[in-house]
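Contents: one structure, followed by commentary.
In this text, all values refer to a predicted model and were calculated from it rather than measured experimentally. Atoms considered below: every heavy atom in the structure, side chains included; atoms not considered: hydrogens, waters and symmetry mates.
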Amino acid sequence: RIKRNSNIINMKTSEDLKQILERIDHRGYPAYKDTRGAYQFGTYILGIDHVQGDPFAAPSRLHIQVAGRAARIPGNLYDSKCKKMAVADYLLRNFAKQLERYSFQAHGSGKSGIIQVTRCGQEVLERTACEIEEKTGNIIVRFEVGFPARGRTIQAGELIKILYQYLPACVEKALYYKNIDQNAVKRAAELAVDQEYIREQLKKEGLIAFVADGSILPRESGVSQRPMKDAVPFVSPDSMKVTMKLPYKGVLTGMGIRKGITLVVGGGYHGKSTLLKALESGVYPHIAGDGREYVVTDDTAMKIRAEDGRSIRHTDISMFINDLPNGKDTYAFDTEDASGSTSQAANVIESMEAGTQVFLIDEDTSATNFMVRDELMQQVIHRDMEPITPFIERVRDLYQEYGISTVLVAGSSGAYFQIADQIIQMDKYVPREITELAKKAASDYPALKFPEEKPEQPSFDRKVRKNPGIRQKGRVKLKTMGRDAVMIGHETIDLRYVEQLVDSEQLNTLGQIVRFLEEEIFDGRKTLGQAIEQVENVLDKKGLAGVCEGNTVPGNLARPRIQEIYACMNRYRKLGTDRKERG
């Protein structure tokens, strides 16, 4: 008997499972449900957590737990969070390679014979697909198997091949320390420590990002995040060069972007947006060979853009928008169909609420009237006639009053030259620092006029209520559409423009979080911020399993940042928020 997820499960043997399979052979497919349970296979436990309804349905969910004393992963490889994530990521990728050799080797109808596990991208994320228990060293891997059938008749012999031949071989080669590339897993842990060290140095050195010399920033294509072959390696401008001595790699040089307002300029196709994309992705650690493994950004950084048509729920956007002609209250702005400027204003305020310390903005995906009003427009359209206070008039206050830095990519407007602290020109993917040159050029043009009054602190006191219709027929239906959206029942949360969501499994987790918030935390008294903080505490203490219901943990969850949790909830049209009082 083992204790798991607070339930006592009767432990059976592998021979018990084989007897069940032989008994149900050639019966109707529903008989496969008799196999659910946990079985001892030598030095590991096989758990059959969910059995698919028919061979054409989503595959059955299984897990394997290898005892720490059998796996023998050295404790110093998982004695910190960053190392544990990196080693689990390595083992998961290794396990996936082994499974690929055997998938569909067992035959049958529909998804019969498929054996699959999470396909990891270039980032290292906290996942339920592979976990290492800190105290015991036990390794848990969650994966899927298509239980074989001919038509809807059980083919038990084919499943016996999978469970008694293919899986033991995969476990032996992928999860036991003696059989894996020990130098490679050690390097993965050391890289994680180096990356964490850089992230800590950012805070100490007054930096918001570091891009190592020799990094490969361009990606292979629009649908591949692998590094581009024959790309120009990154070389820091001398004036921005920073040297760090990492615990394992040793001395590393690169470009340090300091706190404040940074402008990235240059001609089209010279690498401006490529640099910004690398900074966006730098909130996550990357695997060796990605080219961006030593590109590290403040982990609160948020990409801000316009998002026409999104829902906004009682958000205080008065820092940027006031006195609308229709009389709408911008201290508690509410709309089902936001414009470019109101959506970008809301994205800024919501990111502030989420604790963001760095805004990453690309002129190409911004609302022009939100970003800037030039001197001529200021003369023709008086300030009293314009409800929008553009970002350029607030960006300095955001830094001085709230400590929020901005990195802005601009290709057409030079207005930000006047207020930028540092200006980088990308020239054929090579950065040059041109602050002095650009400032001198800007001095020949009329200066922009800025409002004298300081903006008021935005209000974040939205109380959140339950949505009573989330559970239908006793269950909550969750569905993810890639990285585009999450469906909760009949409600779709559009996340296409939350650009730092890098894996569909993060959206799976966001769906679980929405359900958890609705059913366990929202009570009409807590603010949205207090509710999300409570979720973060659950995730920190219990892991991703803490927001799931039932006795089994799905193997397809990856942890999003708190910034993405806020972004998801703020785009949830059923979010029950109470209107705030003006001021």
Side-chain angles (χ1 to χ4, degrees), residues 121 125 222-223 277 280-281 283 301-317 321 328 332-354 356 359-362 364-367 370 462 464-467 469-470 472 476-518 522 528-529 531-532 535 547 556-577:
L125 303 175
V223 294
K277 282 287 184 187
E280 291 172 31
S281 184
V283 299
M302 194 69 180
K303 172 70 184 297
I304 304 293
R305 58 168 295 158
E307 199 172 339
D308 294 47
R310 64 153 288 195
S311 166
I312 299 174
R313 307 296 293 164
H314 296 135
T315 300
D316 183 356
I317 60 172
I321 299 177
K328 226 173 184 182
F333 189 73
D334 191 82
T335 182
E336 291 292 320
D337 186 19
S339 66
S341 56
T342 55
S343 64
Q344 196 158 359
N347 288 342
V348 169
I349 300 302
E350 291 162 358
S351 296
M352 291 174 69
E353 185 179 13
T356 295
F359 292 145
L360 305 173
I361 302 176
D362 194 329
D364 286 349
T365 56
S366 296
F370 175 79
R462 293 175 293 168
V464 279
R465 295 173 277 102
K466 292 183 187 295
N467 169 19
I470 193 170
Q472 298 175 357
V476 180
K477 186 177 180 182
L478 300 176
K479 183 180 179 183
T480 299
M481 291 170 276
R483 285 186 291 157
D484 288 346
V486 176
M487 284 189 69
I488 315 292
H490 299 296
E491 182 65 29
T492 300
I493 306 174
D494 188 347
L495 298 170
R496 285 174 295 168
Y497 301 119
V498 182
E499 296 182 29
Q500 287 164 290
L501 285 168
V502 294
D503 195 297
S504 62
E505 293 195 351
Q506 291 177 303
L507 277 77
N508 293 340
T509 306
L510 288 172
Q512 296 284 355
I513 288 172
V514 174
R515 183 207 61 78
F516 184 78
L517 282 167
E518 284 280 22
F522 288 170
L528 179 62
I532 291 177
V535 165
V547 295
N556 62 349
L557 304 181
R559 185 165 178 175
R561 300 183 304 153
I562 190 171
Q563 282 74 22
E564 278 71 48
I565 298 175
Y566 271 97
C568 177
M569 297 311 300
N570 281 312
R571 286 159 180 77
Y572 177 37
R573 293 177 185 271
K574 295 290 186 182
L575 183 66
T577 57

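Applying the salt bridge (Lys or Arg N to Asp or Glu O under 4.0 Å) criterion to R573, with sequence neighbours excluded, gives E336. Partners of E505 under the salt bridge (Lys or Arg N to Asp or Glu O under 4.0 Å) rule, at least two apart in sequence or in another chain, are R127. Evaluation of the salt bridge (Lys or Arg N to Asp or Glu O under 4.0 Å) rule for E280 yields K277, K303 as partners, not counting sequence neighbours. For D362, the side chain to side chain donor-acceptor pair (under 3.5 Å) criterion is met by S273, not counting sequence neighbours. Residues satisfying the side chain to side chain donor-acceptor pair (under 3.5 Å) criterion with T480, sequence neighbours excluded, are N508. Legend: residues meeting salt bridge (Lys or Arg N to Asp or Glu O under 4.0 Å) with R559, ordered by chain and number and at least two apart, are E126, E536, D540.
Looking only at distances, no side-chain donor or acceptor of R496 sits under 3.5 Å from a matching main-chain atom of R483. Counting only distance, with no hydrogens or angles, the side chain of T356 and the backbone of M352 share no donor-acceptor pair below 3.5 Å. Put simply, the side chain of R561 never gets that close to the backbone of M302: no donor and acceptor are under 3.5 Å apart. Between the side chain of R462 and the backbone N or O of R313 there is at least one donor-acceptor pair closer than 3.5 Å. Using a distance-only test at 3.5 Å, with no hydrogens or angles considered, no donor-acceptor pair links the side chain of E491 to the main chain of I488. With Q506 contributing its side chain and L501 its backbone, the two residues share no donor-acceptor pair below 3.5 Å. Q500 places a side-chain N or O within 3.5 Å of a backbone atom of A301 that can act as its donor or acceptor partner.
None of I349, I317, D316, I321 except one satisfies the side chain to side chain contact (heavy atoms under 4.5 Å, CB included) rule with F333; the exception is I317.
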* Could you walk me through whether T315 and T577 pass the side-chain contact (heavy atoms from CB on, under 4.5 Å) check? -> CA-CA 10 Å; T315 300; T577 57; over 6 Å; no

* To do: Before giving the answer on side-chain contact (heavy atoms from CB on, under 4.5 Å), spell out for L495 and D484 the whole-Å C-alpha distance, their side-chain angles and the decisive distance to 0.1 Å.
  => CA-CA 5 Å; L495 298 170; D484 288 346; over 6 Å; no

* Would you sort out whether Y497 and N347 count as a side-chain contact (heavy atoms from CB on, under 4.5 Å), showing the intermediate values? => CA-CA 11 Å; Y497 301 119; N347 288 342; over 6 Å; no

* Kindly determine whether V498 and R571 satisfy side-chain contact (heavy atoms from CB on, under 4.5 Å), including the steps that lead there. => CA-CA 10 Å; V498 182; R571 286 159 180 77; 3.7 Å; yes

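Enclosure of atom NZ in K477 is not indicated, since only 12 or fewer non-hydrogen atoms of other residues, nucleotides or ligands lie within 6.0 angstrom.
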